[in-house]
Amino acid sequence: MPHYILGIDGGGTSCRAAVADATGRILGRGKSGAANILSDPDNALIHIVGASKAAFEEAGLEPSRISSAAALVGVAGSNVGDAVHYVKERLPFAKADIESDGLIALQGALGDSDGAVAILGTGSIYISRRGEEISYIGGWGFQIGDLGSGARLGHALLQESVLAFDHIRPSSPLTDAVMAEFNSDPRAVVEFARAAHPGEYGRYAPKVFDYADRKDPVAIALLKASAQMINEALDVVVARGSAKLCLLGGLAPLYRTWLAERHQPLFVESAADALTGSVALAAKRFGVRTGGQI
């Protein structure tokens with residue numbers, strides 16, 4: 001049995017890690033940059049290692065000792081075999097498993113009970129548990145999935161802003177503000193989009209909610225369309241038997257009032273966060289009992 005276990009929550013915006021001893025007692029936590037194994041696996045590796053070393057440092061442990069730890073890494077893109085294989089074989093830990101960020105979020109939010117979580121952050125994924133059966137919806141990545149996510153919402157905003165610049169769609173204070181960031185030059189938007197990662201698009205999502213509160217028509221239209229995609233996914237989750245829904249991720253509290261009335265009575269508060277869930281699953285996986293929430 002390893003002397004230390006690591007729970008890791010790798011997100012599209014940041015990566016967090018927590019190190020625990022053999023009893024599951026949390027010793028330290030660390031944070032680093034984005035850990036998207038699909039769009040940027042090499043930087044994801046750098047940030048997974050960086051967050052892990054930071055956790056060891058906060059615990060007063062030599063960072064190089066991460067090589068003796070057993071780690072459970074929860075990330076988006078765990079359903080894409082090539083990306084998982086590429087990252088897993090380069091991780092510096094003694095033992096490591098890569099799981100869905102949805103699974104660690106589910107464990108943190110609901111413990112071992114039945115229900116479902118919707119993760120609404122830079123990406124989006126839905127995961128439900130009924131007894132021993134775990135089901136996933138979404139989580140297919142920015143290129144063809146992540147509907148309702150911050151990255152998709154930010155991308156849609158930039159697209160709408162360029163359409164407004166070309167007078168194809170009506171402009172609004174929101175689209176004017178976005179174009180002003182790019183000196184009213186759509187070529188600058190194109191240059192940004194050419195190399196942008198999901199997290200960079202996701203940084204525009206809060207602006208949509210902000211302007212929707214000001215009754216901006218473009219913001220409201222974008223949020224209604226995005227919320228409809230989330231509602232459709234939640235309908236599937238409920239049809240599969242989930243009576244409890246937990247909204248997670250940075251955009252969850254912003255989206256809640258935009259979601260359908262039929263889902264509102266099913267929403268419950270999360271018991272703990274995804275990093276807590278990752279440590280709990282690491283403890284189960286590697287034979288260590290957790291000693292409490294992070």
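Throughout, residue positions are numbered sequentially from 1 according to the sequence presented. Note: hydrogens, waters and symmetry copies are ignored here, and every other heavy atom, side chains too, is used. On a predicted model such as this, the values are computed, not experimentally measured, just so you know.
- Annotation for D216 and L174: closest pair OD2-N, 3.0 Å, computed over non-hydrogen atoms.
- If you chain together hydrophobic residues whose side chains sit under 4.5 Å apart, M229 and W140 never meet in one group.
- A salt bridge does not link R240 with E133: none of the charged nitrogens is closer than 4.0 Å to a carboxylate oxygen.
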Side chains of residues 49-67: which donor-acceptor pairs under 3.5 Å do they make with residues two or more places apart or in other chains?
{"unit_1": "S52", "atom_1": "OG", "unit_2": "I48", "atom_2": "O", "d": "2.8"}
{"unit_1": "E58", "atom_1": "OE2", "unit_2": "R29", "atom_2": "N", "d": "2.9"}
{"unit_1": "S67", "atom_1": "OG", "unit_2": "S64", "atom_2": "O", "d": "3.1"}

Could you list the donor-acceptor pairs under 3.5 angstrom formed by side chains in residues 176-184, with sequence neighbours left out?
{"unit_1": "E181", "atom_1": "OE1", "unit_2": "Y204", "atom_2": "OH", "d": "3.3"}
{"unit_1": "E181", "atom_1": "OE2", "unit_2": "K207", "atom_2": "NZ", "d": "3.3"}

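- Side chain to side chain, S278 and D9 fail the donor-acceptor criterion of an N or O pair below 3.5 Å.
- In K244, the NZ atom is crowded: over 12 heavy atoms of neighbouring residues, nucleotides or ligands sit closer than 6.0 Å.
- The CZ atom of R285 lies 4.5 Å from the CG atom of D97; values are rounded to the nearest 0.5 Å.
- Side-chain atoms of H155 and Q159 include no donor-acceptor pair closer than 3.5 Å.
- In the displayed structure, R256 atom CZ is contacted under 6.0 Å by more than 12 heavy atoms of other residues, nucleotides or ligands.
- Taking each heavy atom of W258 and A212 in turn, the nearest pair found is CZ2-CB, 3.7 Å.
- The number of heavy atoms from other shown groups lying within 6.0 Å of CD (E269) does not exceed 12.
- Note: the hydrophobic cluster containing I119 does not contain V237 (ILVMFWY, side chain heavy atoms under 4.5 Å, direct or indirect links).
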Evaluate the side chain to side chain contact (heavy atoms under 4.5 Å, CB included) criterion for residues L157 and Y211: first the C-alpha distance (whole Å), next the side-chain angles of each, then the deciding distance (0.1 Å), finally the verdict.
CA-CA 11 Å; L157 171 58; Y211 274 79; over 6 Å; no

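- Salt bridge R262/D235: present, at least one basic N to carboxylate O contact under 4.0 Å.
- Judged by the 6.0 Å distance and 45° axis criteria, R152 is positioned over the aromatic ring of F142.
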Do R16 and D273 pass the side chain to side chain contact (heavy atoms under 4.5 Å, CB included) test, and can you show the C-alpha distance, the side-chain angles, and the key distance before you say yes or no?
CA-CA 11 Å; R16 299 183 301 148; D273 66 4; 3.1 Å; yes

So L106 and R129, side chain to side chain contact (heavy atoms under 4.5 Å, CB included) or not? Walk me through it.
CA-CA 8 Å; L106 178 73; R129 179 168 53 210; 3.7 Å; yes

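- For the side chain to side chain contact (heavy atoms under 4.5 Å, CB included) criterion with V117, the lone passing option out of L103, I127, I125 is I127.
- With hydrogens and angles ignored, the 3.5 Å screen pairs no side-chain donor or acceptor of Q107 with any backbone N or O of T276.
- In this structure, a donor-acceptor pair under 3.5 Å is absent between the side chains of Y201 and S149.
- Transitive grouping of hydrophobic side chains (ILVMFWY, heavy atoms separated by less than 4.5 Å) keeps V268 and L259 in distinct clusters.
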